[in-house]
Amino acid sequence: MDNEIYLTREYQYYSDEDELDNPLALYIAKVHSDWIDYNGHMSESFYLYAFGDASDALFQYIGIDNDYRLGGQSFYTVETHINYYLEASENEPLEFTTQILGLDSKRLHIFHQMFHGESGQLIATTEQMLIHVDMNKAKASEIDQSVFRILQKIWNKHEKLPSPKQKGRVMQIKQG
C-alpha cells in the first residue's frame, strides 16, 4: 500500500498566529487504488484509515511526534462513529477538516469531515473520543502540558463553533 501522507503543508505545526476560528484544514489525500473495493469505490474500512491519517496530521500539528510516543505517551481511540454520504472513486482528491468538540486533562473529543477536493461535497464524517495513555503503565494519563496548552487554545475557539449535526448520533431502529 502507498503510505504517502499528503499534508496541506509539509510538517505543519501549531503557531500562535494560526487562524483557529474554523475547523482545522490539516490534511489532504487522494483515493488510492488499493482502497477500492469490489463495488468500484472506496471501501468502508479505508474511510476510517483516511480519517486516521487526518488524526495523525492533528497530532503532528499539536506536537505529538515520534519522540513524544517514544517517551511512552500517545492518544488511543476508544470510540468512533462514521457517517457515509457519498462514494469516492480511485484518484479522487480528498480534503479533511478537524474540529475539537471537547477536551479535558485526559480526553479529546474530535470531529473530522471528509470532502471531495474539487466539488467540495461532503463525503463522510467521523466523531471520535480519544484517551491519553501512558503506554509504559498501560493506563490513562494526563496530556503533556505542552500539548494540552495547544489543544486548549484550539478548544477555546472551537467550542464557539456550531456543533456538527452528526455529533452524538445514536444508531437505532425506531419502533413505531
Side-chain angles (χ1 to χ4, degrees), residues 1-15 18-66 68-69 74-103 108-131 133 147 150-151 154-155 157-158 161-172:
M1 177 180 302
D2 181 2
N3 287 327
E4 278 187 66
I5 294 178
Y6 300 88
L7 299 175
T8 55
R9 284 185 293 179
E10 190 172 334
Y11 306 114
Q12 186 170 348
Y13 292 101
Y14 170 81
S15 166
D18 287 352
E19 170 62 42
L20 302 174
D21 291 329
N22 293 300
L24 304 170
L26 302 173
Y27 180 65
I28 58 175
K30 67 175 181 171
V31 179
H32 299 277
S33 60
D34 48 350
W35 293 5
I36 303 301
D37 66 12
Y38 46 80
N39 293 315
H41 55 77
M42 192 167 158
S43 179
E44 64 187 44
S45 63
F46 286 102
Y47 284 78
L48 181 58
Y49 183 88
F51 282 129
D53 286 346
S55 292
D56 288 344
L58 171 65
F59 297 151
Q60 176 181 305
Y61 180 71
I62 63 174
I64 296 177
D65 56 15
N66 284 335
Y68 191 89
R69 287 182 288 277
S74 190
F75 276 101
Y76 288 6
T77 304
V78 294
E79 188 169 349
T80 299
H81 298 212
I82 299 177
N83 291 284
Y84 304 92
Y85 296 102
L86 294 175
E87 297 173 355
S89 299
E90 185 174 349
N91 290 320
E92 286 190 303
L94 305 173
E95 295 181 1
F96 296 78
T97 62
T98 303
Q99 181 177 343
I100 295 178
L101 299 179
L103 174 69
L108 177 61
H109 185 187
I110 62 173
F111 187 82
H112 295 299
Q113 294 184 87
M114 177 190 300
F115 297 95
H116 190 279
E118 293 171 354
S119 72
Q121 290 181 291
L122 181 64
I123 295 174
T125 65
T126 187
E127 178 182 1
Q128 298 181 319
M129 182 65 70
L130 301 109
I131 191 160
V133 175
V147 169
I150 295 169
L151 285 169
I154 300 167
W155 170 232
K157 297 290 188 171
H158 284 196
L161 294 174
S163 188
K165 70 179 182 179
Q166 300 90 348
K167 178 184 174 189
R169 287 183 59 175
V170 175
M171 192 181 323
Q172 65 181 341

Checklist entry - Which is it for Y61 and I154 under the side chain to side chain contact (heavy atoms under 4.5 Å, CB included) test, yes or no, and what are the steps along the way? => result CA-CA 11 Å; Y61 180 71; I154 300 167; 3.9 Å; yes
Next on the checklist: Below 30° counts as parallel, above 60° as perpendicular, anything between as tilted: where do the rings of F96 and Y27 land?
Outcome noted: tilted
Checklist outcome for this item: For A88 and I36, the nearest pair of non-hydrogen atoms, with its separation, is O-CD1, 4.4 Å
Checklist entry - Does D37 reach the main-chain N or O of N39 with its side chain, forming a donor-acceptor pair under 3.5 Å? => result yes
Checklist entry - Would T126 and Y47 satisfy side chain to side chain contact (heavy atoms under 4.5 Å, CB included), going step by step from the backbone distance to the final call? => result CA-CA 9 Å; T126 187; Y47 284 78; over 6 Å; no
Item to check | Residue pair E127 / H109, side-chain heavy-atom distance below 4.5 Å | outcome: yes
Checklist entry - Taking all atoms of both residues into account, what is the closest heavy-atom pair of I82 and T80, and its distance? => result CG1-CG2, 3.9 Å
Checklist entry - How long is the gap from CD on E95 to CE on M114, to the nearest 0.5 Å? => result 12.0 Å
Checklist entry - Under the ring pair (Phe, Tyr, Trp, His ring centres under 6.0 Å) test, which residues partner F115, sequence neighbours left out? => result none
Checklist entry - Any side-chain donor paired with an acceptor under 3.5 Å for Q166 and H81? => result no
Next on the checklist: Do F59 and L130 make a side-chain contact, defined as non-hydrogen atoms from C-beta onward lying under 4.5 Å apart?
Outcome noted: yes
Item to check | Side chain H116, main chain Q121, donor-acceptor under 3.5 Å | outcome: no
Next on the checklist: Applying side chain to side chain contact (heavy atoms under 4.5 Å, CB included) to F75 and I110, what does each step give before you reach the verdict?
Outcome noted: CA-CA 12 Å; F75 276 101; I110 62 173; over 6 Å; no
Checklist entry - Looking only at heavy atoms, which two atoms of M42 and A50 are closest? And how far apart? => result CE-CB, 4.2 Å
Checklist outcome for this item: The reported gap from CG in D18 to CG in L24 (rounded to nearest 0.5 angstrom) is 8.0 Å
Item to check | Minimal non-hydrogen separation, G40 against S89, with atom names | outcome: O-OG, 4.4 Å
Next on the checklist: Quick check for you: to the nearest 0.5 Å, what is the distance between F111 atom CZ and L101 atom CG?
Outcome noted: 7.0 Å
Item to check | Check against side chain to side chain contact (heavy atoms under 4.5 Å, CB included), L48 and Q128 | outcome: CA-CA 11 Å; L48 181 58; Q128 298 181 319; 3.9 Å; yes
Checklist outcome for this item: Shortest non-hydrogen pair, H158 vs N22, comes out as NE2-O, 3.0 Å
Next on the checklist: Is the ring pair F46/W35 parallel, tilted or perpendicular, if the boundaries are 30 and 60 degrees?
Outcome noted: parallel
Item to check | Any residue meeting ring pair (Phe, Tyr, Trp, His ring centres under 6.0 Å) with Y76, in chain and number order, not counting sequence neighbours | outcome: none
Checklist entry - Between H32 (side chain) and E90 (backbone), is there a donor-acceptor pair under 3.5 Å? => result no
Checklist outcome for this item: Value for CZ (F51) from CG (L94), rounded to nearest 0.5 Å, stands at 9.0 Å
Item to check | Distance, nearest 0.5 Å, that separates CG of L58 from CD1 of I150 | outcome: 10.0 Å
Next on the checklist: Can you give me the closest heavy-atom contact between Q99 and P164, atom names plus distance?
Outcome noted: OE1-CG, 3.9 Å
Next on the checklist: Test of understanding: with salt bridge (charged side-chain N to carboxylate O under 4.0 Å, His left out), list the residues that count as partners of K157, not counting sequence neighbours.
Outcome noted: D21
Checklist entry - Rounded to the nearest 0.5 Å, how far does CG of L26 lie from OH of Y13? => result 12.0 Å
